[in-house]
Amino acid sequence: MHQQDPDEIPLSELLGNSGESVPRVVSVARQGGFGAPSIQVAKKSSSAALSEDELPLALLIGTERKKECSRRKGKVEPCRKAPKRKCERMKAEKHRKAKKLQATSTKHRAEDESIKWCSLEHNGVLFPPEYEPHGRPLLYDGCEIALPPEAEEVATFYASKLGTVYLEKETFRKNFFDDFRKTLPVDLRKRIVKLEHCDFSRIREYLDELKERKQSMPPSKRKELREAEAQRVAHYTVAIVDGRKEKVANYRVEPPGLFLGRGDHPLMGRVKRRIFPEDVTLNLGRDAPIPPCPFKGHDWGSIVHNQRVTWLACWRDPISDEYKYVWLSASSHFKAMSDQEKFEKAQQLSKHITKIRNEYTKGLESADRHTQQRSVALYLIDKLALRVGNEKGEDEADTVGCCSLRVEHITLQEPNIVQLDFLGKDSMRYFNRVRVEALVFHRLREFLKGKRVSDNVFDELKVEELNDYLKSLMPGLSAKVFRTYNASYTLDKLLHSVKTPGPDIHSRLLFYNEANKDVAVLCNHQRSLPKTHSLMLERLRDKLEESRAYLEALKMARGKAQASPDSRAQVTRWRRPVVEIPEDCSLAERKRIREEAEKRPKEKQVVNMGLASITRGIAQTQEKIRRLEADLKTRDSLATVSLSTSKINYLDPRITVAWCKRHEVPIERIFPRALQEKFMWSMGVSEDFRFPISNVVSNDPSGAST
DNA sequence: TGATTTGACTCAGAAAACTAGCT
DNA sequence: CAGCTAGTTTTCTGAGTCAAATC
């Protein structure tokens, strides 16, 4: 579908929260009749108008009849406000792509278009509550300005971001202010022209008050509210698929707000408008009752019965204009099946991997530039677990993957070291220096020759071509299978590298996490440093220091005690003085006092101890020191690594389950409840399970980094 | 294009760590 | 002085969220 130029959107539509200004479906025609599927073709609001060939596939599949009825009604509305350039560009693009799709991927589609369910029942989606105006003014040049509800809501979105890094970004502020002004009535729009003159602090105060009120709520009251909320939403949390009761993952419609985005996103700060029932398409069984629309005077955008997909509802994201879907949870049958297929495919790859590696190694020698590029790209994908790197649009952050690498991202260092430095998915930095095959190095040097920094390294390679090629090597193979394969292969190998991974559960878990960490590093799964990380490390070091000093003092005292007639001796210990915190001060105040206290000098304490106590103290302190040292080490090395992503997406759970069985580690120590449910299908695996290992010895991805 | 998977970040609540008071 | 308990604070975990990839 087209994306409207924001300037073309009437402001009432941009926001559309309060009832009056929303364009809505006037009536919903229910066709049907004798044995016919009941199909609704809703009249769309202008912003959602679809010409027939723009209808989502979902609306067209297997429904000759539907075409008929929409034609009969002649209700295909043209775009009321034809959004120019963008609309046309996107249409042309779509035609091109649609043709291509038809030509190239019939097989893929045939597989994709299998029937996924026979009966499907659910209760629709849960909308966020209506906006409730608070009446706090905006200050403009110091003057109070009462905003109408739509504008107030947007101003409040902004106020909630005060003090975050978003506001330091020019793009964010500009996008916000442009959209904000569109919500203002004409007179105010004339007056409010500079963001720098806007003061949102009164609104912020209101938000802080709300927060404070919420936080000071007694736990009992909190619990009560939580339970009431659970009851309110219970209706939406389950669906019935082919008679099975399944959990719905994201039954909540995304609330309006400011679009944040990741990295340097050109649309950050834009207002993400509210979604209404008219925007939403529900997918239901033909016999399933249609859930009543929760808003009076509104109705669902459309109802479809598409058995070839697994989503329950969809709408278009107002920012990207892409579809958002409501899915079943990860523990559902659908998801479990595709998860199993995914790991099945990865195991398949291990049977072909030798052949494939030989293939692309041979390809490096080819005289054909295209084959060379394809081979080098595949080498990097396989060896470094890079993502394939599709093309990106102008309205997205500038991030890259393998095929979209530019000259500026690669530095070559004789004789054979390649340095990669680029922003990947989610604008996460990928930085790695690796030793590569001589020929790969040579080819890369050729690819870079004579190009500008902003040129593509793989200028003669398209992602589709690479994937088509992979399909020819093994059915269903695509670039991401290499990530799954290499991640699982690595974990399996590491977990089998040691017979007895530790005397107790604690050390075995440490061992597992270490292996998990290697995979996470391979996949470049990062997390941001927790705010207090350095402070925490400092405290740990301080404690370590203190314990070491205490140990020395104890040892010295032991000698003295042994020599003394009464077997006693003085032990000196340095500690920070205990602070008194007044009972009736606020949380913030307490925190401040605590922080103050940490700066105070340590005080000397002298205790008279018996020999037995001293000896015990020594053992305890030594143990404590060991613990602190280990802690310090793991925390530091795990600080910026995220283990969960690979656990959830890349590691065949059977590897973990088998390891747990072999080493008597309860599975819940590694898989939290949700993951246990997601991976239920893997729990029965035998303890001898191996993730198939290829007979190729070279190219071990876990050893790729230098 | 549309469907589906992957990914980092947030925040609430749980768990761990710490402290004071008592025996 | 050690050990226990209860209360408090700090840290960690993980479920939820929604953006951003793939194919």
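Chain A is the first sequence line, chain B the second, and so forth, proteins listed ahead of strands; every chain is numbered from 1. It should be emphasised that the depicted structure is a prediction, and the values quoted were computed from it without experimental measurement.
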### Message
With a 4.0 Å cutoff (strictly under), does any side-chain N or O of A:Arg316 reach OP1 or OP2 of B:dG2?
### Response
yes
### Query
Looking for any heavy atom pair under 4.0 Å, which part of the strands does A:Ala479 touch: base, sugar-phosphate only, or nothing?
sugar-phosphate
### Message
Just N and O in the side chain of A:His525: are any of them under 4.0 Å from OP1 or OP2 of B:dG7?
### Response
yes
### Message
Strictly below 4.0 Å: does A:Lys342 bring a side-chain N or O up to OP1 or OP2 of B:dT6?
### Response
yes
### Query
In degrees, rounded to 10°, what is the bend between the two ends of the helix from B:dG2-C:dC23 to B:dT23-C:dA2, using five pairs at each?
30°
### Task
Would you indicate, yes or no, if B:dT5 has its OP1 or OP2 atom less than 4.0 angstrom from a side-chain nitrogen or oxygen of A:Tyr650?
no
### Message
For a quick check of understanding: with a heavy-atom distance under 4.0 Å over all strands, which category does A:Arg262 fall into, base, sugar-phosphate or nothing?
### Response
base
### Task
Report which part of the nucleic acid A:Asn524 touches: base, sugar-phosphate, or nothing (heavy-atom distance under 4.0 Å, all strands).
sugar-phosphate
### Task
Look at A:Tyr323 and B:dA3 and indicate whether a side-chain polar atom (N or O) is within less than 4.0 Å of OP1 or OP2.
no
### side-chain N/O A:Lys425 vs C:dT22 OP1/OP2, d < 4.0 Å
no
### A:Arg387 vs B:dG7: side-chain N/O to OP1/OP2 distance below 4.0 Å
yes
## Note on the structure
Sorted by number, residues from residues 639-649 of chain A placing a heavy atom under 4.0 Å from DNA chain B are A:Thr645, A:Asn649
### Task
Please confirm whether A:His409 and A:Tyr430 have ring centers closer than 6.0 angstrom.
no
### Message
Using a 4.0 Å heavy-atom cut-off, does A:Gly610 contact any base of the nucleic acid, only the sugar-phosphate backbone, or nothing at all?
### Response
nothing
### Message
C:dT17, OP1 or OP2 - any side-chain N/O from A:Arg252 closer than 4.0 Å?
### Response
yes
### Task
Check A:Trp327 against A:Val248 and note the closest heavy-atom contact, atom names and distance.
O-CG1, 3.4 Å
### Phosphate OP1/OP2 of B:dT5: any A:Arg483 side-chain N/O under 4.0 Å
no
